[in-house]
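Below is one structure; the comments refer to it alone.
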Number of protein chains: 2
Amino acid sequence: MLRVMVVDDQALVRRGFALVLDNEPDIQVVAEAGTGVEAIEAAREHQPDIILMDIRMPEMDGLEATARLLQTEERAEAGDTTCRVIILTTFDPDEYVFRALQAGASGFVLKDIPPEALVEAVRTVADGGAMLAPGITQRLISQFAQKLGAGRNLAERLERLTTREREVLAAIADGKSNAEIAEALFIGAATVKTHVSSVLSKLGLRDRAQAVVFAYECGLATAGGRDVGF
Amino acid sequence: MLRVMVVDDQALVRRGFALVLDNEPDIQVVAEAGTGVEAIEAAREHQPDIILMDIRMPEMDGLEATARLLQTEERAEAGDTTCRVIILTTFDPDEYVFRALQAGASGFVLKDIPPEALVEAVRTVADGGAMLAPGITQRLISQFAQKLGAGRNLAERLERLTTREREVLAAIADGKSNAEIAEALFIGAATVKTHVSSVLSKLGLRDRAQAVVFAYECGLATAGGRDVGF
DNA sequence: CACCGTCTCCGCCTTTTGGGGGAGGCCAGA
DNA sequence: TCTGGCCTCCCCCAAAAGGCGGAGACGGTG
């Protein structure tokens, strides 16, 4: 039995969704809330598996509430029930979508979806999947494809480099100085300079800063997942 | 009426999908193909709206075929029918997914989905949406959220900079030299050096190369959509 | 064998970079 | 009003970076 909570400041809308879901044999609406603050309290108390969350609400909006809920979940880690959030809203500007995904939402659907699809979304998310409105998936894909596809012609230029030169370039893109690169690759400082020079020359770059840009643009280096502790 | 083409090297599988789809009143399977090469020919001839494409095929795999089909579509631009591709495969390694999205596919679903869901996917994609298998959506989201969320604590460090310093940092992340920054910001070269110094100092960086790394990691600069022409 | 590409290193040179300090003007807040 | 932050610019200096040519070693290829 899936335990669901519905969060929306409009009681009528809330009841509507709740009724649709409660009508399913394997779904039970265990709580409702009208604000973000209420949602957090109610979630603690009733431990729902799935939360349907509106965005525009008084006191605390749904995105903020989602972030807090999933953040505390992280802290509780192994122990508690890991609840999952589906954002259910009338609007879908990119900003909302991104913030929602960043907050850890597993779904983002618009309120105009047919009831069966909503039920389907709940089940999908409960199964560990994710559900986005078609148009949103579309945008997500195109954003993603853009990032991926960006460095194609650049990656070709990358092939003109020798193995060693690529290693040096990667080290440069790591923020290393020539001396550090020498140490990391077990070669002399002079050798590093030679490699750096040929990298710049072959790629048509002027200095190591441009080399870093190149590395990121062509995908040799990627944002995210680095400690910029230097 | 949606014109669909099914591409799979296993005739039995192909027929199965075709039958399921043909059974729908608003869907008509207008062509089938067993290889990528055949798919491209058949697509030209029958102008389907939607193509269900397997990946593993002889002669030319589905990803390659998808890329070529959608590439030529780009060339034909306004004129021709813009067909959309759904990748339909048994496997879902990230590599396949990414290449598929990069190639321009609008969907990526696994062969184990229930028939109704396949039909639904076809309709969704025909409507201009995108459909991914739930687990894939999940991964796409987490990859995306990671990239988005990566620079949060870094972005805080960014706030310690003044407006001008952020502008200078952005220019550095653009691969500009101090002289070029001076020209771009209409200030003296000496001033640029002052700003650069305080940027490095405030962010705890050593040189402009590390500054570029920082800019990318915190989201001030993003890969994709730049001419690395320098 | 001779040739070529790669990796390794060496000097020498110029330019750029980055650190240090100092200074004047401007503007907002105490 | 004065103080402090910001932007602007200057000088000097040391370190790093980058360009240049040269050179030895190694492995594969014609």
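Naming: A, B, ... by sequence-line order, numbering from 1 per chain. For the numbers below, each heavy atom of this structure counts, side chains included, while hydrogens, waters and symmetry mates do not.
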Task: Side-chain touch B:Met131/B:Ile113, heavy atoms, less than 4.5 angstrom - done: no
Task: Of B:Glu183, B:Arg208, B:His195, the residue whose pairing with B:Asn178 passes side chain to side chain donor-acceptor pair (under 3.5 Å) - done: B:Arg208
- [ ] To the nearest Å, give me how far apart NZ (B:Lys193) and C1' (C:dG19) are.
- [x] 9 Å
- [ ] Please determine if a side-chain N or O atom of B:Thr191 lies less than 4.0 Å away from the OP1 or OP2 oxygen of D:dC7.
- [x] no
Open item on the list: Taking B:Arg139's backbone N and O only, do any of them form a donor-acceptor pair with B:Gln143's side chain (distance below 3.5 Å, no angle check)?
Closed with: no
- [ ] Give a yes/no on whether any side-chain N or O of A:Asn178 is located under 4.0 angstrom from OP1 or OP2 of D:dA16.
- [x] no
Open item on the list: Among residues 158-169 of chain A, which ones have heavy-atom contacts with DNA chain D below 4.0 Å?
Closed with: none
Open item on the list: Do B:Leu220 and B:Phe214 have side chains that approach each other closer than 4.5 Å (heavy atoms only, starting at C-beta)?
Closed with: no
Task: Contact residues, residues 199-206 of chain B to DNA chain C [heavy atom, < 4.0 Å] - done: B:Leu200, B:Arg206
Open item on the list: Rounding to an integer number of Å, can you tell me how far A:Lys176 NZ sits from D:dA16 C1'?
Closed with: 18 Å
Open item on the list: It should be established whether B:His195 places a side-chain nitrogen or oxygen under 4.0 Å from OP1 or OP2 of nucleotide D:dT8.
Closed with: yes
Open item on the list: From C-beta outward on B:Thr194, which listed nucleotide comes closest to its side chain: D:dA17, D:dC10, C:dT17?
Closed with: D:dC10
Open item on the list: With nearest nucleotide decided by heavy atoms, which residue, B:Asp207 or B:Ile187, maps closer to the 5′ end of DNA chain D?
Closed with: B:Ile187
- [ ] Give a yes or no on whether a salt bridge exists between A:Asp54 and A:Lys111, defined as a side-chain N under 4.0 angstrom from a carboxylate O.
- [x] yes
TODO: Would you please confirm or rule out a distance under 4.0 Å between OP1 or OP2 of D:dG18 and any side-chain N or O of A:Ser197?
DONE: no
Open item on the list: Do B:Met53 and B:Val6 have side chains that approach each other closer than 4.5 Å (heavy atoms only, starting at C-beta)?
Closed with: no
Open item on the list: Whether A:Arg164 and A:Glu167 form a salt bridge (side-chain N of Lys/Arg under 4.0 Å from carboxylate O of Asp/Glu) is what I want to check.
Closed with: yes
Open item on the list: Taking A:Gly129's backbone N and O only, do any of them form a donor-acceptor pair with A:Arg84's side chain (distance below 3.5 Å, no angle check)?
Closed with: yes
- [ ] Give a yes or no on whether a salt bridge exists between A:Arg206 and B:Glu180, defined as a side-chain N under 4.0 angstrom from a carboxylate O.
- [x] yes
Open item on the list: Side chains of B:Leu88 and B:Phe108, heavy atoms from C-beta outward: is any pair under 4.5 Å?
Closed with: no
TODO: Mind running a 4.0 Å heavy-atom check of residues 179-186 of chain A against DNA chain D and sending the residues that fall below it, in number order?
DONE: none
Task: Closest approach of B:Val125 to B:Ala130 (non-hydrogen atoms, all atoms of both residues) - done: CG2-CA, 4.4 Å
